[in-house]
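Since the structure comes first, as structure tokens, the remarks are kept for the end.
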Amino acid sequence: MAYLARIEPTEATFLRGSDDERVQEPRFSDLEWSIIRLARQDRLWTLRAPTRFSRFFRRLIGRNPNPALANERLESLRRIAVLSWHFGFTVPGEDVAEFLQAGFSLEQYELLVSKVRSAASNVFTFRKPGLA
């Protein structure tokens, strides 16, 4: 089950260039990791603004979800996490630029996508007995 795959921050330091300067590896807070994990279940339609027809239809059937987060920084994290869960590193440049404008770094983007891809690749497929 893909949603059971754990995504945990790792703590490590690395040397940057020839300066021998120790730099802390990019990381996310626990709240940000939980948003990344929850984005696994979001569909791509949650990234688009709802149309008048879709709002009417959802009200008609009694469902009126609003998946967007109130905090703009966390919403941009959710959007890039949803795209990363679906497409990996092939996210459009405009979305990555929005992610960077929200105050995140390229190192955090690479960390997010690498953790998401490794969690997505740990999905097990179960075969029914007797089928080839």
Side-chain angles (χ1 to χ4, degrees):
M1 295 183 195
Y3 62 89
L4 293 179
R6 296 184 60 87
I7 302 176
E8 296 297 330
T10 58
E11 294 190 26
T13 58
F14 59 94
L15 297 176
R16 177 183 287 179
S18 63
D19 298 335
D20 291 336
E21 175 185 331
R22 292 201 177 269
V23 179
Q24 193 68 13
E25 186 175 338
R27 60 171 63 182
F28 292 105
S29 68
D30 291 338
L31 173 65
E32 292 167 341
W33 280 117
S34 67
I35 289 171
I36 294 168
R37 279 192 298 272
L38 290 173
R40 173 68 176 123
Q41 293 144 2
D42 288 349
R43 304 275 188 219
L44 289 175
W45 66 265
T46 63
L47 303 178
R48 294 188 297 264
T51 62
R52 290 178 66 193
F53 178 74
S54 66
R55 285 193 310 256
F56 170 76
F57 184 72
R58 282 187 272 149
R59 285 187 185 135
L60 185 66
I61 63 172
R63 290 186 178 174
N64 197 13
N66 185 6
L69 300 173
N71 186 330
E72 291 181 19
R73 184 171 193 267
L74 295 178
E75 174 59 20
S76 97
L77 175 65
R78 183 190 75 86
R79 292 176 62 82
I80 202 77
V82 169
L83 290 170
S84 297
W85 277 109
H86 286 279
F87 301 116
F89 275 106
T90 58
V91 175
E94 305 89 40
D95 295 312
V96 176
E98 178 187 330
F99 178 73
L100 297 175
Q101 287 176 352
F104 294 102
S105 67
L106 276 176
E107 291 82 14
Q108 286 177 313
Y109 171 68
E110 291 174 2
L111 174 67
L112 181 145
V113 178
S114 63
K115 293 291 184 178
V116 163
R117 288 290 90 197
S118 68
S121 67
N122 291 334
V123 177
F124 299 105
T125 56
F126 297 100
R127 295 184 183 177
K128 291 185 177 180
L131 296 176

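Keep in mind that what you see is a predicted model, and the values were worked out from it rather than measured. We number each residue from 1, following the sequence as shown.
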Verdict with reasoning, Leu111 to Phe104, per side-chain contact (heavy atoms from CB on, under 4.5 Å): CA-CA 11 Å; Leu111 174 67; Phe104 294 102; over 6 Å; no

Solution key, residues 70-82 side-chain donor-acceptor pairs under 3.5 Å, sequence neighbours excluded:
residue: Asn71; atom: OD1; partner: Arg73; partner atom: N; Å: 2.9
residue: Arg73; atom: NE; partner: Ala102; partner atom: O; Å: 3.3
residue: Arg73; atom: NH1; partner: Glu32; partner atom: OE2; Å: 2.8
residue: Glu75; atom: OE1; partner: Leu69; partner atom: N; Å: 2.8
residue: Glu75; atom: OE1; partner: Arg78; partner atom: NE; Å: 3.0
residue: Glu75; atom: OE2; partner: Arg78; partner atom: NH2; Å: 3.0
residue: Ser76; atom: OG; partner: Arg73; partner atom: O; Å: 3.3
residue: Arg78; atom: NE; partner: Pro67; partner atom: O; Å: 3.4
residue: Arg78; atom: NH1; partner: Asp42; partner atom: OD2; Å: 3.0
residue: Arg78; atom: NH1; partner: Thr46; partner atom: OG1; Å: 3.4
residue: Arg78; atom: NH2; partner: Thr46; partner atom: O; Å: 3.4
residue: Arg79; atom: NH1; partner: Leu47; partner atom: O; Å: 2.8

Side-chain touch Tyr109/Val91, heavy atoms, less than 4.5 angstrom: yes

Where Lys115 and Trp33 come nearest, the two heavy atoms and their spacing: CG-CH2, 3.8 Å

Shortest non-hydrogen contact between Leu100 and Ser105, atoms and distance: CD2-C, 3.6 Å

Partners passing side-chain hydrogen bond (donor to acceptor under 3.5 Å, both in side chains) against Thr90 (at least two apart in sequence or in another chain): none

Exercise: identify the closest heavy-atom pair between Trp85 and Arg117: O-NH2, 2.8 Å

Other cluster members, Leu38 - Ile/Leu/Val/Met/Phe/Trp/Tyr, side-chain contacts below 4.5 Å: none

Hydrophobic cluster (4.5 angstrom, side-chain heavy atoms) - remaining members for Leu60: Phe56

Atom pair CD1 (Ile35) and CZ (Phe28), whose distance is rounded to the nearest 0.5 Å: 10.5 Å

